[in-house]
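Worksheet for the structure shown next.
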Amino acid sequence: MTSWTEELTRARLHVVSGKGGTGKTTIAAALALALATGGRRVLLIEVEGRQGIAQLFDRAPLPYAEERIAAAPGGGEIHALAIDAEAALLEYLAMFYNLGFAGRTLRKMGAIEFATTLAPGLRDVLLTGKVKECVNRTGPDGRHLYDAVVLDAPPTGRVVKFLDVTKAMADLAKVGPIKGQSEGVVRLLHSGDTAVHLVALLEEMPVRETLDAVAELDGADLRPGAVLVNRVHPARLPARSVPVAAEGRIDESRVRAGLQSAGLDLDEFTLEGLVDETVEHAIRVQSQQEAMELLSQSDLPTVELPELNDGVDVAALYELAEVLVAAGVR
């Protein structure tokens with residue numbers, strides 16, 4: 001496991017993506033807790049309308065407002081925001097065109113739904129624009145309101161298009177508020193203030209999709225951050241024993257003798273089951289090792305997070321956050 005780099009520590013926007021089913025929302029929440037450890041204030045944002053953050057923290061669905069949802073060790077705070085595209089558009093119209101009342105009228109007419117259907121990219125422009133506003137917002141003292149922002153982003157197959165859609169908008173709009181807003185979003189997402197972390201499992205398809213995403217991010221001049229390897233099973237066998245056990249070459253008599261010396265005398269059926277489980281475990285460990293070797297081609301910092309046998313709840317998020325802090329996340 002390689003540690004978090006100093007370059008990643010300087011990032012203020014942490015985008016978390018991953019193939020569907022890898023647990024990216026869980027890891028985004030754990031990352032937010034880790035970044036808040038020690039007294040920092042962190043905002044956790046979701047944009048897919050699934051209310052995944054509320055479910056993880058066992059709360060009612062989040063409104064379109066920033067709410068404090070958890071405390072982190074050392075006095076840190078986690079706030080959360082579920083961005084709604086329609087609400088973001090109304091906010092945008094009020095902010096840049098002073099169309100608060102007119103915007104509400106447009107909503108009643110269904111014009112906002114029509115606009116986002118007519119121009120599907122508009123939705124992502126609104127979402128990334130709101131993220132940028134949260135990252136750059138300052139308080140009365142001139143300091144950033146949030147020390148870091150964590151974005152639970154769309155899956156890897158869509159994340160580059162999602163992050164870079166505003167670049168196309170900036171090219172289309174020649175003048176005015178849209179031009180300035182779009183350029184601001186592009187500057188943030190393509191700067192050292194932003195890192196795109198990828199959640200992976202040690203399985204062939206998630207690993208290959210992760211490597212494809214790294215190449216796509218590089219091609220779009222977006223900065224890949226760390227690979228966060230989720231649900232890693234610990235190896236219970238000595239490294240030298242894994243290849244032999246994976247091939248099924250286990251001496252049952254030696255296993256029985258070892259168990260008997262420990263005071264365990266198992267019947268034949270139970271012993272056979274134990275041997276079968278050992279073979280399955282060795283095969284899985286070997287598969288994980290091969291996947292990790294393939295993943296090393298990304299040449300990115302890699303943090304391994306354990307499989308949680310009891311499922312994911314709030315306590316598990318803090319457990320994962322501790323692992324991230326131990327890896328240098330701050």
Side-chain angles (χ1 to χ4, degrees), residues 1-19 22-38 40-47 76 78 81 124 127-128 130-137 144 146-156 158-167 184-200 209-230 295-305 320-321 323-330:
M1 180 170 68
T2 54
S3 61
W4 205 251
T5 65
E6 193 61 37
E7 187 178 16
L8 293 178
T9 299
R10 291 193 293 269
R12 298 197 59 254
L13 173 59
H14 297 266
V15 180
V16 180
S17 183
K19 179 178 171 63
T22 57
K24 70 178 179 65
T25 300
T26 297
I27 300 307
L31 178 60
L33 283 168
L35 289 167
T37 297
R40 303 178 84 208
R41 182 184 175 99
V42 175
L43 178 64
L44 176 60
I45 298 176
E46 67 174 35
V47 293
I78 305 294
L81 172 65
D124 290 347
L127 298 176
T128 54
K130 180 60 179 179
V131 171
K132 172 250 184 186
E133 188 272 323
C134 292
V135 172
N136 290 344
R137 194 187 313 152
H144 285 113
Y146 296 106
D147 296 295
V149 173
V150 177
L151 171 61
D152 178 17
T156 46
R158 206 172 79 79
V159 70
V160 170
K161 183 178 180 181
F162 169 77
L163 294 174
D164 236 19
V165 66
T166 309
K167 191 173 184 180
V185 173
V186 173
R187 279 195 302 271
L188 170 64
L189 297 179
H190 289 265
S191 74
D193 285 336
T194 298
V196 184
H197 309 296
L198 300 169
V199 180
E209 186 158 330
T210 298
L211 294 175
D212 290 343
V214 171
E216 196 175 357
L217 288 166
D218 283 334
D221 195 29
L222 293 162
R223 183 163 67 113
V227 177
L228 305 173
V229 185
N230 196 19
L295 197 57
S296 66
Q297 295 177 13
S298 70
D299 199 29
L300 295 175
T302 304
V303 180
E304 297 178 22
L305 295 150
L320 292 172
V323 175
L324 289 167
V325 171
V329 174
R330 61 190 188 282

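Only a predicted model underlies this, so the values are computations on that prediction, with no experimental measurement involved.
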Of all heavy-atom pairs linking Gly225 and Ala195, the shortest is CA-CB, 4.1 Å

Show, in sequence, the C-alpha distance, side-chain angles and deciding distance for Lys130 and Val47, and conclude whether the side chain to side chain contact (heavy atoms under 4.5 Å, CB included) test is met. CA-CA 10 Å; Lys130 180 60 179 179; Val47 293; over 6 Å; no

Report task. Would you confirm whether Asn230, through its side chain, and Thr22, through its main-chain N or O, come within 3.5 Å as a donor-acceptor pair? Result -> yes

Query raised in the report: Do the rings of Trp4 and His197 sit parallel, tilted or perpendicular, given the 30° and 60° boundaries?
Result: tilted

Checklist entry - How about Leu35 and Asp147: do any of their side-chain heavy atoms sit closer than 4.5 Å? => result no

Assess the side chains of Asp152 and Thr25: does a donor N or O sit below 3.5 Å from an acceptor N or O? yes

Original post:
Can a salt bridge be assigned to the pair Asp193 and Lys132 using a cut-off of 4.0 Å between side-chain N and carboxylate O?
Top reply: no

Tightest non-hydrogen contact, residues Val42 and Val150, listed as CG1-CG2, 4.1 Å

Rounding to 0.5 Å, atoms OG (Ser17) and CD (Glu209) come to a distance of 8.5 Å

Separation between CG (Leu163) and CG (Leu13), nearest 0.5 Å, reads 8.5 Å

Only residue of Leu305, Leu228, Val329 satisfying side chain to side chain contact (heavy atoms under 4.5 Å, CB included) with Val323 is Leu305

For this session: Apply side chain to side chain contact (heavy atoms under 4.5 Å, CB included) to the pair Leu189 and Phe162, showing each step before the final yes or no.
Result: CA-CA 11 Å; Leu189 297 179; Phe162 169 77; over 6 Å; no

task: Examine distances only and state if a side-chain atom of Thr156 and a backbone atom of Ala213 form a donor-acceptor pair shorter than 3.5 Å.
output: no

Closest non-hydrogen atoms of Arg187 and Ser191, given as atom of the first, atom of the second and distance, are O-CB, 3.0 Å

Give a yes or no answer on whether the side chain of Arg12 reaches the backbone of Thr194 with a donor-acceptor pair at less than 3.5 Å. no

query = Under 3.5 Å, is there a donor-acceptor pair between the side chain of Lys24 and the main chain of Ala153?
reply = yes

For Ala34 and Leu324 the tightest heavy-atom approach is CB-CB, 3.8 Å

What one should report as the nearest heavy-atom pair of Ala32 and Ile78 is O-CD1, 3.1 Å

Here the pair of heavy atoms bringing Ala220 nearest to Asp164 is CB-OD2, 3.9 Å

Verdict with supporting geometry, Val160 and Leu217, side chain to side chain contact (heavy atoms under 4.5 Å, CB included): CA-CA 6 Å; Val160 170; Leu217 288 166; 3.7 Å; yes

So CG of Leu8 and CZ of Arg223: to nearest 0.5 Å the spacing works out to 6.0 Å

Would you mind reporting whether Cys134 and Ile45 have side-chain heavy atoms less than 4.5 Å apart? yes

One should read off an interatomic distance between Leu31 CG and Leu151 CG, to the nearest 0.5 angstrom, of 11.0 Å

Rounded to the nearest 0.5 Å, the CZ atom of Arg40 sits from the CG atom of Leu33 at a distance of 13.0 Å

d(Ser296 OG, Leu211 CG) to nearest 0.5 Å is 8.5 Å

- Would you call Arg330 and Glu6 a salt bridge, using N to O less than 4.0 angstrom? yes

Do Pro224 and Val196 have side-chain heavy atoms sitting under 4.5 Å apart? no

Should Leu44 and Leu81 be marked as a side chain to side chain contact (heavy atoms under 4.5 Å, CB included) after you check the CA-CA gap, both sets of side-chain angles, and the distance that decides it?
-> CA-CA 6 Å; Leu44 176 60; Leu81 172 65; over 6 Å; no

